[in-house]
Structures are given as structure tokens and as C-alpha cells.
A.B. asks: 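A single structure is presented below for examination.
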Amino acid sequence: MLAVVDCNAFYCNCERLFRPDLKNTPIVVLSNNDGCVISRTPEAKKFDIAMGVPYHHISKLCREKKIAVFSSNFALYTNLSHRVMSVLKSITSRVEVYSVDEAFIDLSGARDFFHEGQYIKAEVERLVGIPVSIGIAPTKTLAKMAVEMAKKSHFGVISLDTKKKQLDALKGLPVSAVWGVGHGRQLRLQSIGIKTATDLMNYKNPLLLRKNLTKLGEQIQDELNGIQCFPLGERTEKKKSISSTRTFSQASYDKIVVSQAIATHASDVACELRMQGSVCKKIAIMIRSNPFQSFHEQYNGMLAANLLTPTSNTFELIKIAFELLDEMWKHGISIHKAGVFALDIQDEHEHEVDLFAPIIDPRQAELMRTIDCINDREGPRMVRSAACGTDNKAWAMRQNMLSPRYTTSWIDLPMVR
DNA sequence: TCTGGGGTCCTAGGACCC
DNA sequence: TCTGGGGTCCTAGGACCC
């Protein structure tokens, strides 16, 4: 049996720790530049404040309803996240930190799962002060469903430790509520007659399931049936890609301003690389204009360079990033967002350091241009750059940038912190 | 000149998640 | 006026080798 421990409205409750007077007040926390809502308490949800809405759409409501609004403070959230995780590690030896506000833990030693869950919840709240919900089940997928129920329940803990409880929990849930089933997979499942979580659990045609959902479909189905496919991992492994990107508070035409941002991002990425003892074999930079100002000429570019000598050296990475920026810079277009990506990451000691080797592969004299597009009158085209691992289609959907058949779905997409 | 099969590696792209 | 940031995994298909 395993459990997922999920902090309730994590960022909001981090802020609340220092503002006990806001105990029952609705709170929202905003993203970088106070752009949009990335966390909100149940009290704020009652005003229909959705995840990801632009703040300027709800600022009036916030004033009227006296909703407390915070700019984000990620240093604080990271710190409190570590504290929560160490409490969990002190209680159970096997903890998989899944995200800043979520962890899977092993509960196999417990005699009474529900009471163990309550104990853990109480300990986290006592020692850190962050309220959590806990879902307990034989598999991660079921535990995720349990924790969703737990958030709405009085105790904040739900244990699906018997088959009957599991069946009851799935009853009536749409298949999109299953962990790992997003909009695209939901449509594919619908096309073969699977509409609810129970449908998926009982589906009898593994070939068709695999055809539509690849191997993952069968795994999710097994997990719903209590068969573990995604075992608890320790997750101490190193990151496989590292990025640093930021929207400017004010878009800029100035190459110097953008260079400064690029240098900062490259330096951050280099620092992260060294912290995990890695080097990267490929570096990419991204600059783009503001897609919301569709009346302006748009630019969305990404350029990558393969490195002959993998590195995590700040100066080397900044130098290459600047070369890339030179290569792709477009005069007369205001840049709204910029970023640096470290790709093809490998262990530091895995490659031999040759101090005299050139950094950029001379065989690739001209830098690899992966994306470079300027839109015409029809509005920005989003082109995905594969290597960076970003999800431009989902992103474009959220931004209402794709055709109308997509725009209706963007609200379904999880917009998360 | 034509024809064959099998394997591995790499990359672009799709989908999801928090 | 004002719309975030950071990740993972899987697969198809092409390049290349024998």
C-alpha cells in the first residue's frame, strides 16, 4: 500500500503561515510579474477563480471580495517544501518527492492505513504548519484519485484499501479524472467507447487500448485494477534537462536588455548543472515576442548549439548563449520572454575533460537552427522545438492561439504552478 | 546492376504532469 | 495597460551499419 501526500493550496498556505490573521480569508498567489493565478484556497475557488486566469481579469473581484493577493515567493515555498519532505522522510523511509507540494510514500508497514494517514497528516501540520491531504491505495493512480476525494472530505485522509472502496471511488468519475488522461487521451478513449474511469478499468480489448493509448493505456488500466505499474521510485536521479526562462516585466526592443536576461538564465542553468554534478552537451536559447499582442509582428525563436566539449562552466555557457543570440536576433521586434535550456545532460565524470578542445563542434560550423519563424498576418504560429521538451501545443491552446476547435478545450488543461 | 533482412541509435513530435 | 515556469516519458520513422 502506498500513499500520496498533497499539500493543500500549497503556495497560499505558505503565505498563510506568516499571516495567521488570514486563516479563513480567501487567498490567491500570482505567477511571475503578477501575471496569473497559480494557487488559490478553497475560499477563493468559491468565487470561481480558476487556475491560470490572468490576474487583470479578476483584480476587481479580488478588491470587492477582499481576497488576499500575494506575489509569488518561490524561495519560501521551496524551503517549506523541504521541511514537509523531511517530516515525511522521518516517518517513513521510502519517499518519492514528486513535486514541490506532493510526495508518494510507502505505507506497507502500517497496520491501520487510515489512522497512519491521519497521524502523518497531523505530524506535518504540527511540525511545519502546512495542511495536507492524503490518499492511500495499492497503486499511484488509485492513490491520486483517493487524494482528490480526501481534499473534499472532512478528515483529509481517504484510504482505498479494499476492492469495494476502489470500485465505489471510481464510480461516476469521467475518464479524464484519471491521472495520466488529459484531453488528447480522453478523446481517443471516447472513440473506443470509454467514457468513465470504470469503463477504462473494465475494458476488455487490450489491443485496441494499446493502439490508442500505447503501452501507457494498459498500465493505467492495470493501476486502476490495483496492479502496480508505476512503482515507488526514490527519484534521486538527476534532471535530464534544465531550463531557466522568464517573461520580462516590460517587453524590450533592446538587445542589451535581452542579453542581460540571457546571461542571467545561462548562469542559473550552469549553476544548477554544477549543483547536480552534470554537464550539458547542448545548449539552446529562446526568445519570443508577446503572443497576446497579435497585432504586432510576432517572433518565436529557438536556437541550439551542440557542444563538442560538454560543460557546466558559466562563462562558456554565457559566451555560447550570446553567440546564439547574435545569430537569431531580429531588430525591431520587442522581446517579451527569454530563456536558456541545458540539454543532453550527462554526468560530469562521464566525459574526459580536454582543456584544449573547442567547445562548439567545428563540423557544425554554422549553428543548428531549429526554429525561426516570423508570422504573417494570420497571427503567430507556434512551432514546437522538440529538444527543449516544452509543450507548445498545450501552451498555444492555453493562449488561445490555435484554431477554434482547440480553444474550447484550453480551460480543461491543467494549469499548474 | 539488382535485391534483402535485421538491428541499433537518434531525433522530432505528442502527450501529460505539477 | 496587465496572460508563468519547469519537468518527464513514449513512439514513429529515418539514418546507418552489417
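We use all heavy atoms of the structure for the numbers below, so side chains are in, but hydrogens, waters and symmetry mates are not. By convention in this document, chain letters (A, B, ...) are assigned in the order of the sequence lines, proteins followed by strands, and residues within each chain are numbered from 1.
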A.B. asks: Could you tell me how far apart A:Q186 (CD) and B:dA15 (C1') are, to the nearest whole angstrom?
C.D. replies: 13 Å
A.B. asks: Could you give me the CA-CA distance, side-chain angles and deciding distance for A:Y98 and A:W179, then say whether ring-ring contact (aromatic ring centres under 6.0 Å, His included) is met?
C.D. replies: CA-CA 14 Å; A:Y98 184 67; A:W179 190 45; 5.8 Å; yes
A.B. asks: Which nucleotide sits closest to the side chain of A:S99: B:dC18, C:dG6, B:dC16?
C.D. replies: B:dC18
A.B. asks: Are C:dC2 and A:Y55 stacked, with the base six-membered ring and the side-chain ring centres under 5.5 Å apart and planes under 30°?
C.D. replies: no
A.B. asks: Between A:E272 and A:L216, which has a closest nucleotide on DNA chain C that is more 5'?
C.D. replies: A:E272
A.B. asks: Scan A:Q293 against the nucleic acid and name what it touches under 4.0 Å (heavy atoms): base, sugar-phosphate only, or nothing.
C.D. replies: sugar-phosphate
A.B. asks: May I ask you to say what A:S244 touches in the nucleic acid, namely base, sugar-phosphate or nothing, with a heavy-atom cut-off under 4.0 Å?
C.D. replies: sugar-phosphate
A.B. asks: Would you mind telling me which of C:dT8, C:dT3, C:dG5 lies closest to the side-chain atoms of A:K337?
C.D. replies: C:dG5
A.B. asks: Any side-chain N or O of A:R246 under 4.0 Å from OP1/OP2 of C:dG6?
C.D. replies: yes
A.B. asks: Could you please name the option among C:dT3, C:dG6, C:dC10 that lies closest to any side-chain atom of A:T214?
C.D. replies: C:dC10
A.B. asks: Decide yes or no for A:F248 and A:H336: does some side-chain heavy atom of the first lie under 4.5 Å from some side-chain heavy atom of the second?
C.D. replies: no
A.B. asks: In whole Å, measure the gap between the C1' atoms of B:dG4 and C:dC16 for me.
C.D. replies: 16 Å
A.B. asks: Taking atom OG1 of A:T139 and atom NZ of A:K144, what is their separation to the nearest 0.5 Å?
C.D. replies: 12.0 Å
A.B. asks: Give a yes/no on whether any side-chain N or O of A:T245 is located under 4.0 angstrom from OP1 or OP2 of C:dG6.
C.D. replies: yes
A.B. asks: Nearest to the side chain of A:R185, heavy atoms from C-beta on, is which of B:dA15, C:dG7, B:dC18?
C.D. replies: B:dA15
A.B. asks: If I pick the P atom on B:dC17 and the same atom on C:dT3, what distance separates them, to the nearest angstrom?
C.D. replies: 27 Å
A.B. asks: Side chain of A:D101 only, please: which of C:dG7, C:dG5, B:dC18 is the nearest?
C.D. replies: B:dC18
A.B. asks: Quick one: CG on A:L30 to CZ on A:R40, what's the gap to the nearest 0.5 Å?
C.D. replies: 12.5 Å
A.B. asks: Looking at C:dG7, C:dT3, B:dC18, which one has an atom nearest to any side-chain atom of A:S241?
C.D. replies: C:dG7
A.B. asks: To the nearest angstrom, how far is A:I220 atom CD1 from C:dC9 atom C1'?
C.D. replies: 12 Å
A.B. asks: Would you please confirm or rule out a distance under 4.0 Å between OP1 or OP2 of C:dC9 and any side-chain N or O of A:K215?
C.D. replies: no
A.B. asks: What does B:dA12 pair with, Watson-Crick or G-U, if both distances are under 3.5 Å?
C.D. replies: C:dT11
A.B. asks: Please work out if A:H336 contacts a base, only the sugar-phosphate, or nothing of the nucleic acid, heavy-atom cut-off 4.0 Å.
C.D. replies: sugar-phosphate
A.B. asks: A:K240 side chain: which of B:dC18, C:dT8, C:dT3 is closest?
C.D. replies: C:dT8
A.B. asks: Quick one: which of B:dC17, C:dT3, C:dG7 gets closest to the side chain of A:W179?
C.D. replies: B:dC17
A.B. asks: Using a 4.0 Å heavy-atom cut-off across all strands, classify A:I242 as base, sugar-phosphate, or nothing.
C.D. replies: sugar-phosphate
A.B. asks: Can you tell me the distance, in whole Å, between the CG atom of A:N8 and the C1' atom of B:dC18?
C.D. replies: 15 Å
A.B. asks: Counting heavy atoms from C-beta on, name the nucleotide in C:dG5, C:dG7, B:dC18 closest to the side chain of A:T247.
C.D. replies: C:dG5
A.B. asks: Once you round to the nearest 0.5 Å, how far does CG of A:L173 lie from OG1 of A:T198?
C.D. replies: 7.5 Å
A.B. asks: Is it possible for you to check whether A:K140 lies under 6.0 Å from the centre of the six-membered ring of A:F104, through NZ or CZ, and within 45° of that ring's axis?
C.D. replies: yes
